[in-house]
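Throughout, a chain's letter reflects where its sequence line sits, starting with A, and its residues are numbered from 1.
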Protein chains: 2
Amino acid sequence: MILAGGSGTRLWPASRRARPKQLLPLGPDGESLLEAAIRRARAVAGDRILIVTAESQLEATRALAPGIELIAEPAARNTAAALGLAAAVLERRDPDAVLVMLPADHHVANEAELTRLLGLALDEVERDDVIATIGLTPTRADTGFGYLEVDPGAAGATVAVLPVKRFVEKPDAATAGLYVASGRFLWNAGMFIAGARRLLVELDTQLPVTGAAVRAIAAGTAAIAEIYPTLPSISIDHAVMEHAERVVAIPASVGWDDVGSWAALPALRGTDPTGNTLGAPAVVVDASGNVLMSDDGTLIAVVGVSDLVIVKSGDAILVIRKDQAQDVRKVVDALSAQGLARYL
Amino acid sequence: MILAGGSGTRLWPASRRARPKQLLPLGPDGESLLEAAIRRARAVAGDRILIVTAESQLEATRALAPGIELIAEPAARNTAAALGLAAAVLERRDPDAVLVMLPADHHVANEAELTRLLGLALDEVERDDVIATIGLTPTRADTGFGYLEVDPGAAGATVAVLPVKRFVEKPDAATAGLYVASGRFLWNAGMFIAGARRLLVELDTQLPVTGAAVRAIAAGTAAIAEIYPTLPSISIDHAVMEHAERVVAIPASVGWDDVGSWAALPALRGTDPTGNTLGAPAVVVDASGNVLMSDDGTLIAVVGVSDLVIVKSGDAILVIRKDQAQDVRKVVDALSAQGLARYL
């Protein structure tokens with residue numbers, strides 16, 4: 001299952017309220033992150049793919065996922081409800097169904113390695129009914145992600161499969177540094193593999209209202225439009241994973257990126273011989289390290305500038321230093337504060 | 001008379017082949033340079049204004065100059081032909097007509113002082129039938145302009161009216177430095193004041209083909225569409241002024257700017273309290289010294305950048321360091337070289 005319900009403005013002005021990151025043509029040849037996620041899903045699940053998305057994004061999602069089963073959330077209720085609903089639907093079809101939950105809006109450079117590790121996770125789940133998660137080996141002391149603490153010395157631990165001791169929230173910089181130096185922490189990328197029944201049992205125990213609701217929706221005894229919007233908005237991490245027994249992590253080095261800002265575009269699209277990442281008709285004079293994006297054929301000419309992100313989308317242009325790309329949120333805040341929310 | 005026939009791409013992407021600098025809404029409240037030139041003309045000539053423009057720009061010019069007489073050039077033949085044609089037309093109406101020739105695409109901050117100096121020039125012309133020119137007191141050793149050498153010690157010289165010894169071409173940097181240090185050189189801004197008859201007599205002597213042609217066009221004995229395009233393309237400076245007797249310069253310090261690049265926009269429009277020049281809906285975060293322009297309401301958001309020019313016009317965006325603003329020509333050259341001339 002692919003979770004494609006997110007929205008956000010970290011890639012403003014391309015991402016807007018009505019057009020989330022996973023639907024944007026950011027990749028090479030204009031591939032969206034959702035399409036790439038579908039390819040990764042197909043590699044482990046063939047045609048047995050289910051996408052959970054927001055009702056408001058249903059048509060746009062369907063356009064990028066022809067022939068794939070979609071479930072529309074009438075309201076965003078975070079990942080516990082979305083994953084629970086998928087688990088309930090699939091468990092009714094096959095009580096032994098195993099779910100591989102993949103976010104729709106990440107980038108993975110080494111897809112073959114991810115496929116191998118997901119296969120390993122599936123083996124573990126089928127062998128021992130664990131909840132498995134792909135834990136990314138950190139490449140820097142990033143403060144933007146949650147971490148998993150693993151126990152390499154635990155009974156049953158192997159190099160490939162490690163028991164998870166705890167989930168930790170986004171740390172401060174010093175703590176992140178300690179985490180990475182310790183070698184015992186992995187990035188939590190929200191990729192989980194578990195039996196549908198196991199997930200539902202966990203929900204029944206730890207978030208019983210949601211557990212009952214998603215079972216009722218799947219059974220057809222409750223209307224999704226009525227009950228789903230009333231469910232608690234909580235992540236599957238907080239609701240289930242942090243408290244569950246027998247959670248294991250598969251350490252992974254797969255060139256993963258959460259595409260959390262425009263600074264990720266060079267990793268996603270590569271750079272051209274001038275040293276710029278070009279997603280627009282462009283003229284480059286004495287300029288390098290820039291990311292140039294336009295989604296409507298607008299030409300971007302740059303002279304004498306370096307390490308900038310320049311994005312034209314719709315009725316707005318963003319010019320931001322690449323090393324400040326996280327500060328797009330300041331623009332978003334300013335647009336609201338200045339009565340310019342129509343640009344969001 | 002206002003010379004509004006120019007074209008060019010120094011303000012690309014706003015200026016295009018079909019939309020020259022003087023027609024762009026660059027000034028405060030979107031005033032064009034042409035409209036500002038008309039205001040300056042009105043201050044010395046009332047309603048007796050004549051605009052010479054290109055046939056291809058006739059409608060766009062008329063829209064900004066309602067009720068003003070226009071002459072359309074069927075082809076651009078530089079300033080000798082344009083000024084000669086205006087002189088011939090006006091001399092037939094009034095043999096004693098005096099022309100004040102003003103370029104349409106410059107900026108003058110102190111218009112009242114210019115009006116005073118043009119009045120002084122008119123007095124000189126009417127008193128002594130000289131050819132007068134407004135010579136700008138240089139504020140820097142600019143290599144982008146031609147210069148006038150004046151003779152402060154000549155008989156008849158005053159502080160306000162100086163004989164012109166010679167016209168000189170755009171100098172190199174060292175020569176420009178010497179010129180400015182000498183105190184004897186002024187910028188030639190192409191503002192001339194002279195009797196129509198005097199101008200025609202000079203043309204008859206120095207550029208007789210043009211002299212005869214413009215007289216014939218004005219008399220109705222030759223068709224402008226047939227004869228005008230055959231005239232030599234030469235500036236009035238080269239054709240007449242450099243060789244004429246009794247040419248005087250009125251030194252002027254009027255905040256003149258030829259708006260030769262986007263770097264001129266702060267002088268034209270001023271800067272806002274954030275230190276940026278804003279000609280677009282804008283969001284500014286940690287950014288100063290930038291020029292932000294869009295002509296279609298496109299919002300420009302900048303974060304962490306300084307001293308850039310960012311211009312959106314039509315189907316193109318330019319991002320250039322302000323101190324490299326002259327290098328727009330490199331973009332224009334590259335567009336041609338890369339088969340992207342449709343963006344010109």
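Contact of the B/Leu26 side chain with the B/Met293 side chain is registered, since non-hydrogen atoms from C-beta on lie closer than 4.5 Å. In this structure, the side chains of B/Leu136 and B/Val254 come closer than 4.5 Å at one or more pairs of heavy atoms. Using a 4.5 Å heavy-atom cutoff, the side chains of B/Leu308 and A/Val305 are in contact. For the pair A/Val283/A/Val302, no side-chain contact is recorded, criterion being any heavy-atom separation below 4.5 Å from C-beta on. Taking the side chain as every heavy atom from C-beta outward, A/Leu33 and A/Val259 approach each other to under 4.5 Å. Between A/Ile317 and B/Ile317, some side-chain heavy-atom pair lies under the 4.5 Å cut-off. Between A/Leu335 and B/Leu299 there is a side-chain heavy-atom pair separated by less than 4.5 Å.
Counting all heavy atoms, side chain and backbone alike, A/Ile2 lies closest to A/Pro103 at CG2-C, 4.5 Å. Nearest heavy atom pair, residue A/Ile51 against residue A/Ala4, reads CG2-CB, 3.8 Å.
Most heavy-atom pairs under 4.5 Å with chain B, from the set A/Leu318, A/Val309, A/Val311: that is A/Leu318. For the options B/Val328, B/Val284, B/Val285, heavy-atom pairs under 4.5 Å to chain A are most numerous at B/Val285. If you tally non-hydrogen atom pairs under 4.5 Å between each of B/Val331, B/Leu292, B/Val319 and chain A, the highest count goes to B/Val319.
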Donor-acceptor table for chain B and chain A, threshold 3.5 Å:
unit_1: B/Gly297; atom_1: O; unit_2: A/Tyr343; atom_2: OH; d: 3.2
unit_1: B/Leu299; atom_1: N; unit_2: A/Asp315; atom_2: O; d: 2.9
unit_1: B/Leu299; atom_1: O; unit_2: A/Ile317; atom_2: N; d: 2.7
unit_1: B/Ala301; atom_1: N; unit_2: A/Ile317; atom_2: O; d: 2.8
unit_1: B/Ala301; atom_1: O; unit_2: A/Val319; atom_2: N; d: 2.8
unit_1: B/Val303; atom_1: N; unit_2: A/Val319; atom_2: O; d: 2.9
unit_1: B/Val303; atom_1: O; unit_2: A/Arg321; atom_2: N; d: 3.3
unit_1: B/Asp315; atom_1: O; unit_2: A/Leu299; atom_2: N; d: 2.9
unit_1: B/Ile317; atom_1: N; unit_2: A/Leu299; atom_2: O; d: 2.7
unit_1: B/Ile317; atom_1: O; unit_2: A/Ala301; atom_2: N; d: 2.7
unit_1: B/Val319; atom_1: N; unit_2: A/Ala301; atom_2: O; d: 2.8
unit_1: B/Val319; atom_1: O; unit_2: A/Val303; atom_2: N; d: 2.9
unit_1: B/Arg321; atom_1: N; unit_2: A/Val303; atom_2: O; d: 3.3
unit_1: B/Tyr343; atom_1: OH; unit_2: A/Gly297; atom_2: O; d: 3.2

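Heavy atoms closer than 4.5 Å to chain A are found in the side chain of B/Leu340, but not in its backbone. Only the side chain of B/Ile310 has a heavy atom closer than 4.5 Å to any heavy atom of chain A. With a threshold of 4.5 angstrom between heavy atoms, B/Pro13 does not approach chain A through any atom at all. If you measure heavy-atom distances from B/Ala325 to chain A, you find no contacts under 4.5 Å at all.
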